[in-house]
Amino acid sequence: MMIAFVALTVFVQSVFAGNLVDVLQHNGETTLISLVKQAGLADALLSGEYTIFAPTNAAFSKLPQSILDGLQRDTTALANILKYHVVKGSIHKADASNELQLETLAGTKIRFNIYNHNHVVTVEGSKITHFDLTASNGMVHVIDTVMMPPTGSIVDLVAGNSHLSTLLSLVQSAGLAGALQGDGLTVFAPTDAAFNKLDTHVLDNLKSHPQLLKEILEYHVVPHTEYSAGLYNREHLRTLDSHHDIIRLGVSSTNGVVLNHKSHVTQADISATNGVVHIIDHQQMMIAFVTLTVFVQSVFAGNLVDVLQHNGETTLISLVKQAGLADALLSGEYTIFAPTNAAFSKLPQSVLDGLQRDTTALANILKYHVVKGSIHKADASNELQLETLAGTKIRFNIYNHNHVVTVEGSKITHFDLTASNGMVHVIDTVMMPPTGSIVDLVAGNSHLSTLLSLVQSAGLAGALQGDSLTVFAPTDAAFNKLDTHVLDNLKSHPQLLKEILEYHVVPHTEYSAGLYNREHLRTLDSHHDIIRLGVSSTNGVVLNHKSHVTQADISATNGVVHIIDHVLIPARHHFSSILGRK
């Protein structure tokens, strides 16, 4: 265990502080309190434990008066906006991780971003100016801007803006709409007027060279969420194009945000469900040349089924035909993540037999390996998620230390096999669609009942709904290996229990293919303690020299779970008196 003492003032606050409304009143958020009462939400905020992201009076004054007047006339809309600022449970500053998303009482999610260079934490782009105001029934964080729920994804926002019609048309023409459904993206969106500033022949050339057009459009996309509060002067942002070219920023109080010394951000921080859009007034060009081989391949390669046949994926082709999907794969442009024959042979024979008997289930599994459009290796970014034909998403992970790229934990062994109607990437494992979130997986596993109970007791279930998480999940037998007094002490010290459980969570997705010997993984606990890995062909994956991964790579919709046989305790906690040790 660890020596972890919460400052006395926190305990004093939690015992003697008033309720959430009292705390808001004490902090001077009079506009928010007035609107909460007008919307009839005051009693609801006292009926449970909540975290409020509280806009200041100055934040509300930044809203156009017409919007504020409209909300005051429409109490249903007002209530929805206010609920968008509230989540269940007590979320501390220490719980926040970059790109973490939490569900609000409005039913939509809000996204945290942490910008280390200026020590700023934002929620939906709004800067948190004061953290951890503790109430008797929750927590308040003060923010500098009223948050407005996104109206859709990045593609939806572009499609719904009449000034971005050229961009929408080009994105569709380049087959990029699918890639823009990935999560955690920033798009610098040129207006129609920006495209009109290009010479006519430049735009014509882009339209007649789809690969070059795709490169140019990808140069407007940054594969992580960058709100204005996180941008700084002379920052370089690497983009999604195949060369990961950089956009150079100028940030000043006089000119605002300027890209590449020319293009101005004219409207910033338009939140989408999967990132943020900034409107710009010039199209961003770069020196980007697509190799001739790409054009040659796209003209002379066979269709997707031909490419699979040529590469020897006979089992996949047989199953595709059995499921009646061959014609569908020739009717549009798709990317297939193609398991090898050896990958199918790794499946238990009973599973393979069952799929062959149930063609509906077989078709669903196969569709889970297919996405719309042509997705190149260069399009992949870490934690990018793409929607499959099965209607569920698959997640890319890029592990730079061993140059491995995985999709749902399956290693891509051969990239960019180009077909006349799409792309094939060869993978070493058959992907199985996740059955739910990490919390769902824990709840559905009878061997993890102790973990589930402790997570619920510590109020951690909400934090485990965040995206891109890795959980090392101790079994009931692992908890039973602890001395009885240790488990009792944990249950009677909620903050310590929370710390220990968070030590089992890594705030990014780590599949087995990305783990390596002597790796150190920083965890979600407040001290960001490290887990030390041992990886070998004889012992598999061992954590902190003791705990073995007994079942790896259980995909969840928001990350991955590895089952382990010992509870993990940070080294600095081993002699904690609270564990009954000296």
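Within the 3.5 Å criterion, the main-chain N or O of Ile398 finds a donor-acceptor partner in the side chain of Asn382. Put simply, the side chain of Thr186 gets close to the backbone of His224: a donor and an acceptor are under 3.5 Å apart. The closest donor-acceptor contact from the side chain of Asn19 to the backbone of Val21 lies under 3.5 Å. A donor-acceptor contact shorter than 3.5 Å is absent between the side chain of Asn161 and the backbone of Thr191. Listed for the His369 side chain is a donor-acceptor partner under 3.5 Å among the backbone atoms of Met431. Panel note: side chain Thr335, backbone Gly373; a donor-acceptor pair is recorded below 3.5 Å. Proximity of a side-chain donor or acceptor of Asn113 to a complementary backbone N or O of Val120 within less than 3.5 Å is not detected. A distance-only check finds no donor-acceptor pair linking the side chain of His92 to the backbone of Met139 [under 3.5 Å]. Between the side chain of Asp281 and the main chain of His264, a donor-acceptor pair closer than 3.5 Å is present.
Side-chain contact check for Glu235 versus Glu226: some heavy-atom pair is nearer than 4.5 Å. Residues Tyr511 and Glu408 meet the side-chain proximity criterion, which asks for heavy atoms closer than 4.5 Å. In this structure, Ile81 and Met148 have side chains that are in contact, with non-hydrogen atoms separated by less than 4.5 Å. Side chains of Leu20 and Tyr50 form a contact here, defined as non-hydrogen atoms less than 4.5 Å apart. Residues Ser526 and Lys498 have side chains not in contact (no heavy-atom distance under 4.5 Å, counting atoms from C-beta outward). When side chains are defined from C-beta on, Leu78 counts as touching Leu82, because their heavy atoms get closer than 4.5 Å. Ile216 has its side chain within reach of His220: a pair of non-hydrogen atoms, C-beta onward, lies under 4.5 Å apart. Counting heavy atoms from C-beta outward, Leu524 and Ser97 have side chains that approach closer than 4.5 Å.
With sequence neighbours excluded, no residue satisfies side chain to side chain contact (heavy atoms under 4.5 Å, CB included) with His26. Judged as a side chain to side chain contact (heavy atoms under 4.5 Å, CB included), and not counting sequence neighbours, the contacts of Ala42 are Val36, Lys37. Scored by the ring pair (Phe, Tyr, Trp, His ring centres under 6.0 Å) test, His236 finds no partners at all (sequence neighbours excluded). Judged as a ring pair (Phe, Tyr, Trp, His ring centres under 6.0 Å), and not counting sequence neighbours, the contacts of His562 are Phe472. Judged as a side-chain hydrogen bond (donor to acceptor under 3.5 Å, both in side chains), and not counting sequence neighbours, Asn558 has no contacts. Phe396 is linked by a ring pair (Phe, Tyr, Trp, His ring centres under 6.0 Å) to Phe337, counting only residues two or more places apart in sequence or in another chain. Scored by the ring pair (Phe, Tyr, Trp, His ring centres under 6.0 Å) test, Tyr503 finds no partners at all (sequence neighbours excluded). A search for side-chain hydrogen bond (donor to acceptor under 3.5 Å, both in side chains) contacts involving Ser126 returns Asp144, not counting sequence neighbours.
Residue pairs meeting the salt bridge (Lys or Arg N to Asp or Glu O under 4.0 Å) criterion with at least one member in residues 436-456, sequence neighbours excluded, do not occur. Pairs of residues two or more places apart, or lying in two chains, that qualify as salt bridge (Lys or Arg N to Asp or Glu O under 4.0 Å) and include a residue from residues 167-191 are Arg111-Asp183.
Atom CG of Asp22 and atom OG of Ser136 lie 7.0 Å apart (nearest 0.5 Å). Rounding to the nearest 0.5 Å gives a distance of 9.0 Å between OG1 of Thr239 and CG of Leu237. A distance of 13.0 Å separates CD in Gln551 from CD1 in Ile564, rounded to the nearest 0.5 Å. Rounding to the nearest 0.5 Å places CG of Leu384 at 7.0 Å from CG of Leu185. Atom-to-atom distance recorded for Leu24:CG and Ile52:CD1 is 4.5 Å, nearest 0.5 angstrom. To the nearest 0.5 Å, atom CG of residue Leu386 and atom OG1 of residue Thr392 are 12.0 Å apart.
With respect to Val439, the side chain to side chain contact (heavy atoms under 4.5 Å, CB included) criterion is satisfied by exactly one of Leu460, Leu464, Val471: Leu464. With Thr104 as the partner, the side chain to side chain contact (heavy atoms under 4.5 Å, CB included) test is satisfied by one option alone out of Val86, Val87, Asn80: Val87.
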TODO: Walk me through it: do Lys88 and Leu105 pass the test side chain to side chain contact (heavy atoms under 4.5 Å, CB included)?
DONE: CA-CA 7 Å; Lys88 289 183 179 179; Leu105 297 193; 3.8 Å; yes
Task: Steps toward side chain to side chain contact (heavy atoms under 4.5 Å, CB included) verdict (Glu29, Val23) - done: CA-CA 9 Å; Glu29 315 309 343; Val23 170; over 6 Å; no
- [ ] Evaluate the side chain to side chain donor-acceptor pair (under 3.5 Å) criterion for residues Gln38 and Thr75: first the C-alpha distance (whole Å), next the side-chain angles of each, then the deciding distance (0.1 Å), finally the verdict.
- [x] CA-CA 7 Å; Gln38 188 172 337; Thr75 54; over 6 Å; no
- [ ] Run the numbers on Asp269 and Ser228 for side chain to side chain donor-acceptor pair (under 3.5 Å), then give the verdict.
- [x] CA-CA 7 Å; Asp269 298 336; Ser228 296; 3.0 Å; yes
Open item on the list: Please evaluate residues Glu99 and Thr225 with respect to the criterion side chain to side chain donor-acceptor pair (under 3.5 Å), reporting the C-alpha separation (whole Å), side-chain torsions for both, the decisive distance (0.1 Å), and the verdict.
Closed with: CA-CA 7 Å; Glu99 304 290 1; Thr225 313; 2.9 Å; yes
- [ ] Carefully, step by step, assess Asn27 and Val142 under the rule side chain to side chain contact (heavy atoms under 4.5 Å, CB included).
- [x] CA-CA 9 Å; Asn27 206 56; Val142 180; 3.3 Å; yes
- [ ] Kindly indicate, with the supporting measurements, whether the criterion side chain to side chain contact (heavy atoms under 4.5 Å, CB included) is fulfilled by Glu499 and His527.
- [x] CA-CA 9 Å; Glu499 286 270 313; His527 293 271; 3.8 Å; yes
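Nearest approach of Ala473 to Val561, heavy atoms of both residues: CB-CG1, 3.9 Å. Residues Tyr84 and Ala106 approach most closely at N-CB, 3.8 Å, considering heavy atoms. Scanning both residues, Arg522 and Ile530, for their nearest heavy atoms gives NH1-CG2, 3.4 Å.
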Identify all side-chain donor-acceptor contacts of residues 162-173 below 3.5 Å with residues at least two apart in sequence or on another chain.
from, atom 1, to, atom 2, distance (Å)
Ser165, OG, Asp192, OD1, 3.3
Ser165, OG, Asp192, OD2, 2.8
Thr166, OG1, Asp192, OD1, 3.1

Side chains of residues 63-73: which donor-acceptor pairs under 3.5 Å do they make with residues two or more places apart or in other chains?
from, atom 1, to, atom 2, distance (Å)
Gln65, NE2, Asp69, OD1, 2.8

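Shown here is Lys127, whose NZ atom has no more than 12 heavy atoms of other residues, nucleotides or ligands within 6.0 Å. The environment of CG in Asn233 is crowded: more than 12 heavy-atom neighbours from other residues, nucleotides or ligands sit within 6.0 Å.
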